[in-house]
2 protein chains.
Amino acid sequence: MPTPSTPRKSPGRPPRISREEVIEAGRRIVAEQGADRLTMRRLAAEVGSTPMALYHHVRDKEELLLLLLDEYAERTMRRPEPSGTPREQTIAAAAAIHDALRDCPWAAELLTADDLMSPTALWFVEQIVDGLIRSGLTPEQAVRGYRAIWYYTLGQITITAAAANRRTRDPRPTRRAQIFTALDPAELPRLARLADRWAAITAEDTYLDGLRALVDGLITDQGGNADRSLG
Amino acid sequence: MPTPSTPRKSPGRPPRISREEVIEAGRRIVAEQGADRLTMRRLAAEVGSTPMALYHHVRDKEELLLLLLDEYAERTMRRPEPSGTPREQTIAAAAAIHDALRDCPWAAELLTADDLMSPTALWFVEQIVDGLIRSGLTPEQAVRGYRAIWYYTLGQITITAAAANRRTRDPRPTRRAQIFTALDPAELPRLARLADRWAAITAEDTYLDGLRALVDGLITDQGGNADRSLG
DNA sequence: GCTACTTTTTATACATGTACAAAAATCAAG
DNA sequence: CTTGATTTTTGTACATGTATAAAAAGTAGC
């Protein structure tokens with residue numbers, strides 16, 4: 001962490017690359033070649049240095065990707081105008097996070113690690129929590145509710161991203177297909193009857209339906225005195 | 001896939017190791033040394049063979065882990081006696097899956113890939129779907145509801161497992177801590193006011209609360225004619 | 001110039017999953 | 001016994017993140 005408080009030249013070997021340079025080069029590689037082509041060696045070549053030199057400017061590859069994600073969020077996430085009930089505000093904010101992540105599939109596994117998002121995305125978290133509080137939850141309940149929404153959202157992103165990956169990279173029949181064709185109707189009647197429709201149903205994008213159900217459940221389960229006016 | 005339909009000896013070089021041997025050795029390594037010590041090279045040494053020989057018996061490491069997970073589920077998951085409303089049945093089945101995965105942290109990232117669980121666990125899926133249908137949902141709605149529950153459950157497991165990993169391996173302060181101490185109360189009033197309680201609240205295990213909310217929301221959102229009798 | 005100290009860069013090394021190709025070990029046919 | 005076909009095993013190689021230690025390049029004090 002170079003402290004430029006004093007403009008005096010700092011001791012030590014002068015850096016040939018900067019943190020900003022590294023991040024910028026990473027952004028370029030991801031944009032031009034895709035996130036899976038971003039390796040520390042390629043990145044080093046891009047900035048004209050060696051792999052290990054990068055580690056003096058970013059802690060590890062994960063931190064670099066989180067920084068890229070911050071930039072991405074700041075560039076693309078737009079705040080919706082405030083309108084609708086608190087419930088709708090919560091749903092809109094969660095959906096905005098979901099949409100941003102859906103278009104950025106390499107981000108999913110990152111966010112399982114650090115549980116919060118970029119500074120930019122915190123505004124959306126605020127909207128979710130605020131909507132829940134104005135729906136009648138206590139602040140503590142609202143935070144727990146936000147966590148539930150976050151679990152649901154990240155789970156959906158992770159699973160559908162992985163499924164898409166699987167389809168493009170490996171056309172072999174999935175285990176699900178094999179198992180579902182051989183279900184015992186006596187043991188598992190519901191699943192057996194649904195077997196042929198299962199693939200189609202699970203291929204739908206039902207994020208919003210589940211999100212609405214979850215938010216409704218959170219509001220009615222834990223907040224009796226909901227403020228349903230527009231505030 | 002050796003087809004033992006005809007007991008006649010098959011041509012080709014006779015195998016020195018079997019699929020079952022590989023799986024058993026894998027189980028042993030995971031039990032004695034932990035899942036992160038299970039590498040293809042160690043496994044090969046354990047069965048007295050070479051790494052690449054394993055690939056004639058399992059497709060890749062992921063398939064091996066899925067097989068181990070099947071075994072684990074079969075060994076540990078116990079069916080609860082059928083009691084309670086359909087709603088409670090759904091919740092109990094989901095909670096059973098959750099508990100099994102919580103005690104098996106290496107499984108989480110696996111299941112983001114293949115969207116279904118072991119044959120043993122399918123019984124619990126049946127219970128979830130059945131409970132939703134008996135609560136008034138159509139079969140299609142019930143499958144979508146199950147998916148929502150699955151997203152929520154896997155998201156919760158993944159995130160809390162990753163957080164635990166982080167804490168044990170890297171005591172550096174998380175980004176969340178740094179960001180939350182410097183929140184602007186004018187921009188993000190709710191979060192600023194909650195900042196000091198945030199860590200404690202998000203450390204709680206609130207899986208069941210969220211699950212109940214989600215199931216309630218699924219039932220009341222989409223099924224008006226719920227069967228609330230015991231059936 | 002020389003020494004101590006600090007910061008950045010470089011070189012080397014390891015563990016990992018697994019692609020690829022060659023080799024080995026069996027059976028059936030001639 | 002030889003030849004081919006088939007299956008399993010083995011050996012080699014690569015790409016990856018990153019640990020570790022050494023080297024390089026500067027400043028400050030002498």
Side-chain angles (χ1 to χ4, degrees), chain A residues 1-22 25-26 29-30 33-68 106 109-110 113 165 169-170 172, chain B residues 1-4 6-22 25-26 29-30 33-68 106 109-110 113 165-166 169-170 172:
Chain A
M1 306 302 167
T3 313
S5 60
T6 42
R8 203 165 54 89
K9 231 172 182 178
S10 55
R13 177 171 177 167
R16 303 168 60 93
I17 56 179
S18 70
R19 184 183 171 102
E20 284 68 32
E21 225 175 318
V22 170
I29 292 179
V30 170
Q33 314 187 38
D36 44 335
R37 304 284 296 177
L38 175 59
T39 70
M40 299 306 269
R41 285 171 172 82
R42 247 185 285 271
L43 183 54
E46 181 83 14
V47 299
S49 184
T50 60
M52 291 313 291
L54 304 173
Y55 286 83
H56 266 258
H57 305 275
V58 295
R59 181 155 77 191
D60 50 18
K61 189 183 180 185
E62 183 178 311
E63 184 186 75
L64 171 65
L65 289 173
L66 280 173
L67 292 169
L68 293 180
W106 54 273
E109 62 193 52
L110 272 185
N165 244 349
R169 279 197 327 212
D170 190 345
R172 278 171 293 195
Chain B
M1 306 303 163
T3 314
T6 41
R8 200 163 55 89
K9 228 174 184 177
S10 56
R13 175 170 177 167
R16 302 169 61 93
I17 57 179
S18 70
R19 183 181 171 103
E20 284 68 32
E21 226 174 316
V22 171
I29 291 179
V30 170
Q33 314 187 39
D36 44 335
R37 305 284 297 178
L38 176 59
T39 69
M40 298 306 269
R41 286 172 170 82
R42 247 184 285 270
L43 183 53
E46 180 84 11
V47 300
S49 184
T50 61
M52 292 310 294
L54 305 173
Y55 286 84
H56 263 85
H57 305 275
V58 294
R59 178 153 80 191
D60 49 19
K61 192 183 178 185
E62 183 179 312
E63 184 185 76
L64 172 66
L65 289 173
L66 280 173
L67 291 168
L68 293 180
W106 53 273
E109 60 193 52
L110 271 186
N165 243 350
R166 181 89 10 157
R169 280 197 324 210
D170 190 345
R172 278 171 294 194

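Every heavy atom of this structure was used, including side-chain atoms; hydrogens, water molecules and symmetry mates were not. Please read these numbers as outputs of a predicted model, since none were measured by experiment. All chains are named by letter (A, B, ...) in the order of the sequence lines, taking the proteins before the strands, and each is independently numbered beginning at 1.
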- Message: Just the rounded figure in Å: distance from P of dC14(D) to CZ of Arg42(A).
- Response: 15 Å
- Task: Would you mind telling me which residue lines up with the more 5' stretch of DNA chain D, Met40(A) or Thr50(B), judged by nearest nucleotide?
- Result: Thr50(B)
- Query: What distance do Lys61(A) atom NZ and Leu54(A) atom CG have between them, rounded to the nearest 0.5 Å?
  - Reply: 11.5 Å
- Under 4.0 angstrom, heavy atoms only, what part of the nucleic acid is Arg37(B) near: base, sugar-phosphate, or nothing? nothing
- Message: From C-beta outward on Arg13(B), which listed nucleotide comes closest to its side chain: dA25(D), dT16(D), dT8(D)?
- Response: dT8(D)
- How long is the line joining NE2 of His56(A) and P of dT20(D), in whole Å? 13 Å
- Message: What is the distance, to the nearest angstrom, from the CZ atom on Arg59(B) to the C1' atom on dA19(C)?
- Response: 16 Å
- To the nearest 0.5 angstrom, please state how far the CD atom of Glu63(B) sits from the NE2 atom of His57(B). 12.0 Å
- NA contact type, Thr39(A), heavy-atom cut-off 4.0 Å: base, sugar-phosphate, or nothing? sugar-phosphate
- Task: Decide yes or no, distance alone: a donor-acceptor N/O pair under 3.5 angstrom between the base of dT18(C) and the side-chain of Arg41(B).
- Result: yes
- Heavy-atom check, side chain of Trp106(B) versus side chain of Leu38(B), under 4.5 Å: no
- Message: Side chain of Arg16(B) only, heavy atoms from C-beta on: which candidate in dT9(D), dT9(C), dG26(D) is closest?
- Response: dT9(D)
- Message: Quick check on DNA chain C: between Pro51(B) and Pro14(B), whose nearest nucleotide comes earlier from the 5' end?
- Response: Pro51(B)
- Message: Using a 6.0 Å cut-off, check whether atom CZ of Arg37(A) has over 12 heavy atoms from anything other than its own residue.
- Response: no
- Task: Check the distance between dT16(C)'s P and Glu62(B)'s CD and give it to me in whole angstrom.
- Result: 19 Å
- Query: Taking OP1 and OP2 of dT10(D), is either one under 4.0 Å from a side-chain nitrogen or oxygen of Ser49(B)?
  - Reply: yes
- Query: Does the side chain of Val22(A) come within less than 4.5 Å of Leu67(A)'s, by heavy atoms?
  - Reply: no
- His57(B) side chain near dT8(D) phosphate (N/O to OP1/OP2, under 4.0 Å): no
- Task: Provide, to the nearest angstrom, the distance between the CZ atom belonging to Arg19(A) and the C1' atom belonging to dT9(C).
- Result: 18 Å
- Query: Given dT8(C), dG17(D), dT18(C), which nucleotide is nearest the side-chain atoms of Pro15(A)?
  - Reply: dT8(C)
- Item | Which nucleotide in dT18(C), dT18(D), dT26(C) has an atom nearest any side-chain atom of Asp60(B) | dT18(C)
- Please report, rounded to the nearest Å, how far the P atom of dT16(D) is from the CG atom of Asp36(A). 10 Å
- Item | Whole-Å distance separating the CE atom of Met52(B) from the P atom of dT10(D) | 12 Å
- Query: Which whole-number value in Å describes the distance from Ile17(B) CD1 to dT10(D) C1'?
  - Reply: 12 Å
- Query: When you match Pro11(B) and Lys61(B) each to their closest nucleotide on DNA chain C, which lands nearer the 5' end?
  - Reply: Lys61(B)
